[in-house]
Amino acid sequence: MIKKLLISIFLSFFVLNLNANNIVKNEATEEIKDEIIKDTSDDIETMVEINILHENIARIEQTLKDNILIKRYSNYLSYSKILNELDSLKSSLKRKTNLNEEESFQLSNKIRVKENELELLSEYKGSPIGGLMNPPEVEKFDPITNPFGIINALSNIKKLENNKLQFNGIEQQIAILLKLLDEELNSYVKLYNLEDKLEYKEQITYLDKQRRDFEVVLDIIDTTSEVYTKKVEQVILETKNQISQQIEKMLTIFVIILIMFAISFVVKLALRKYFSQNENYYMVNKIINFTLVFLILMVLLFSYIDNVSYLVTILGFASAGIAIALKDWFMSLFGWMVIVTSGFIQVGDRIRVSKGEVETVGDVLDISLFKITIREDVTLVTYMKNRRAGRIFFIPNNYIFSELIANYTHSELKTVWDGIDITLTFDSNHKKAQKIIREILKHYSKGYSDVTRKQLTKMRSKYQLRATGVEPRVFTFIEPYGTVISAWYLTNATAALVLRSTISSEILEALRKEDDIDIAYPTQQININSSKNHYGASERKIVSTPDLEDIITKR
């Protein structure tokens, strides 16, 4: 095309130069000259226009080269072509009745191949763009019944909005595609008018059919998009209304919980005045906290569980297995309820817990739902048995049903009886020793005896008390190795070892001052054959254990 244009330009310049050098004087020559110039100019304009049209077509084809809609349209055409071929093969199979077995098998095999190809392209049945013609399905979402459903609902709203934008984007892509197809079609029509080639006519026919197919698709998608958009907006609006209801519900529950916290705080302040400097306030505080948590759980349970009876039924069936698997936990929880309601163990009490060979005495630090926490103190048990103290013991609450737990400070009774045993020799003045020991006990335990007397008087309204003597008691017993004086006195339950040490020291010092009182202790006798008397019998010397070392040294 460009070569022809250059030749025409060259000829026109050649004619012009020739006419300039040779002056034509007659009118016929001038007319021929003008006609040649006019024809040459028209050819140049036509060639330029044709070139522009080809460039425009090339640009449009380059633009549509990777267009997904065009590629899908080609699949649609392939589906139509395969369908026609399949119909033709089936018709041939019906018409040809005289086929041998091999020909019939090949024809049937071709039919199966075509059917498989159609199945792969089934989404293009009646749809030039396949599945893109159908909008995404609007899923029916579950109602929002709890705060966690809000997150899922917001995710669903975002998903619906993205699907709507994506489907509306297909409508815009088809509109742009139709504009390009119209432009390409117009370019081919102009080329056909200028050059009248068969290939242009075929291309015009193909583009016209393609454009009409996409116009039908655009009309369908336009109508579908309108309906789909309304449906999506309706679902989004309903979901947002449910979210608003859940937020209002959450705010209401939050206000109720705040009110419950405020009420518990006011109750604690009021009770603090009555339980000032009283360890019972700790247990009351625990009960209030437990009640508050229980009420909050009930509010949440009845707010977010629609069918409570269904939950009760499920828990009823599961309770047997849970009770067996978590038997100790349930027993500890029940033990906690018994401890709280009965009050026989409170925080601050000194208790003694025995399990098998393990025994400990300590102060209660905490009583939780499942365990009692105690701190081991230095007591007679630690002195005689454990030889260590200061450990933290965690006692399961279910121990109150199966193990021995002794409370040293129950019902405001802060004192206990403690005893000291002193063994005297049989020839000691035991009556005098009794009197000395009784005086020492009275001196050191008088304060505790008075306190105990008042405490026991208060306990008479709650318990049936008979023996309420609080004065020190001294008993005398005959034992195999001497006379045992057992001295009993009241002492502080949390400091018994201190007073025991003090009284023991005083008794020991007081008895040593008496000449007719001797403290007995285990001794041994050793017979040593040193010489024979005049009768021929051996003499024996009796040596007590403390003198054994001196005897051995002298020998």
Side-chain angles (χ1 to χ4, degrees), residues 274-284 339 342-354 359-365 367 372 374-385 389 400 404-422 433-477 484-511:
Y274 297 99
F275 291 95
S276 179
Q277 302 298 326
N278 195 324
E279 294 172 347
N280 291 333
Y281 177 74
Y282 179 86
M283 185 57 66
V284 173
I339 293 172
S342 64
F344 63 81
I345 297 178
Q346 297 180 357
V347 174
D349 287 351
R350 170 152 293 192
I351 64 173
R352 179 174 182 171
V353 182
S354 301
E359 186 176 352
T360 183
V361 177
D363 299 327
V364 178
L365 300 179
I367 302 176
I372 303 171
I374 67 173
R375 182 179 181 273
E376 186 182 36
D377 198 3
V378 179
T379 61
L380 188 62
V381 174
T382 58
Y383 164 70
M384 300 182 65
K385 191 172 184 179
I400 65 172
L404 178 62
I405 299 179
N407 193 338
Y408 287 51
T409 55
H410 175 63
S411 188
E412 299 183 358
L413 188 63
K414 307 299 181 183
T415 58
V416 293
W417 285 95
D418 193 15
I420 301 174
D421 293 338
I422 306 100
Q434 279 184 336
K435 183 178 180 181
I436 294 172
I437 293 173
R438 183 177 286 109
E439 294 298 325
I440 293 174
L441 296 181
K442 286 182 179 180
H443 174 72
Y444 284 98
S445 66
K446 184 178 185 305
Y448 298 113
S449 298
D450 295 339
V451 171
T452 305
R453 185 180 293 107
K454 296 178 182 179
Q455 292 171 344
L456 291 176
T457 302
K458 293 180 181 179
M459 291 179 65
R460 286 182 181 275
S461 60
K462 186 176 181 181
Y463 298 101
Q464 183 65 31
L465 296 176
R466 293 184 179 179
T468 58
V470 295
E471 297 300 326
R473 303 173 187 179
V474 180
F475 305 97
T476 302
F477 304 101
V484 176
I485 298 178
S486 183
W488 293 85
Y489 57 94
L490 286 167
T491 181
N492 190 341
T494 58
L497 201 62
V498 176
L499 187 58
R500 183 186 181 92
S501 174
T502 302
I503 292 177
S504 297
S505 177
E506 291 294 327
I507 291 174
L508 183 62
E509 185 177 354
L511 295 180

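This chain uses plain numbering: 1 for the first residue, then up along the sequence.
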Glu471: partners by salt bridge (Lys or Arg N to Asp or Glu O under 4.0 Å), with sequence neighbours left out: Arg453
Minimal non-hydrogen separation, Leu380 against Arg500, with atom names: CD1-NE, 3.9 Å
CA sep, side-chain torsions, deciding dist, call: Thr415, Gln455, side-chain contact (heavy atoms from CB on, under 4.5 Å): CA-CA 9 Å; Thr415 58; Gln455 292 171 344; 4.1 Å; yes
Residue of the set Leu508, Leu511, Val484 for which side chain to side chain contact (heavy atoms under 4.5 Å, CB included) holds with Ile422: Leu511
Listing, residues 489-498 side-chain donor-acceptor contacts under 3.5 Å, not counting sequence neighbours, or none:
unit_1, atom_1, unit_2, atom_2, d
Tyr489, OH, Asp418, OD2, 3.2
Asn492, OD1, Thr494, N, 3.1
Asn492, OD1, Thr494, OG1, 3.1

Minimum heavy-atom distance between Glu506 and Ile440, given as atom pair plus value: O-CD1, 3.7 Å
Distance, nearest 0.5 Å, that separates CG of Asp363 from CD1 of Ile351: 9.0 Å
Side-chain touch Val361/Thr382, heavy atoms, less than 4.5 angstrom: no
From Ser486 atom OG to Arg473 atom CZ, the distance as rounded to the nearest 0.5 Å: 11.5 Å
Atom pair CD1 (Ile503) and CD1 (Ile437), whose distance is rounded to the nearest 0.5 Å: 11.0 Å
From CA spacing to verdict: side-chain contact (heavy atoms from CB on, under 4.5 Å), Phe344, Ile339: CA-CA 6 Å; Phe344 63 81; Ile339 293 172; 4.1 Å; yes
Lys385 NZ: over 12 foreign heavy atoms closer than 6.0 Å: yes
Audit row: Thr379, Arg350, side-chain contact (heavy atoms from CB on, under 4.5 Å) steps and yes/no: CA-CA 11 Å; Thr379 61; Arg350 170 152 293 192; 3.7 Å; yes
From OH (Tyr444) to CD1 (Ile507), nearest 0.5 Å: 10.0 Å
Which atom of Ala389 lies closest to which atom of Glu376, heavy atoms considered: CA-OE1, 3.4 Å
Enclosure of Phe477 CZ (heavy-atom neighbours >12, cutoff 6.0 Å): yes
Short N-O contact, Asp450 and Lys446, less than 4.0 angstrom: yes
From Ile367, Thr360, Asp349, residue fulfilling side chain to side chain contact (heavy atoms under 4.5 Å, CB included) relative to Ile374: Thr360
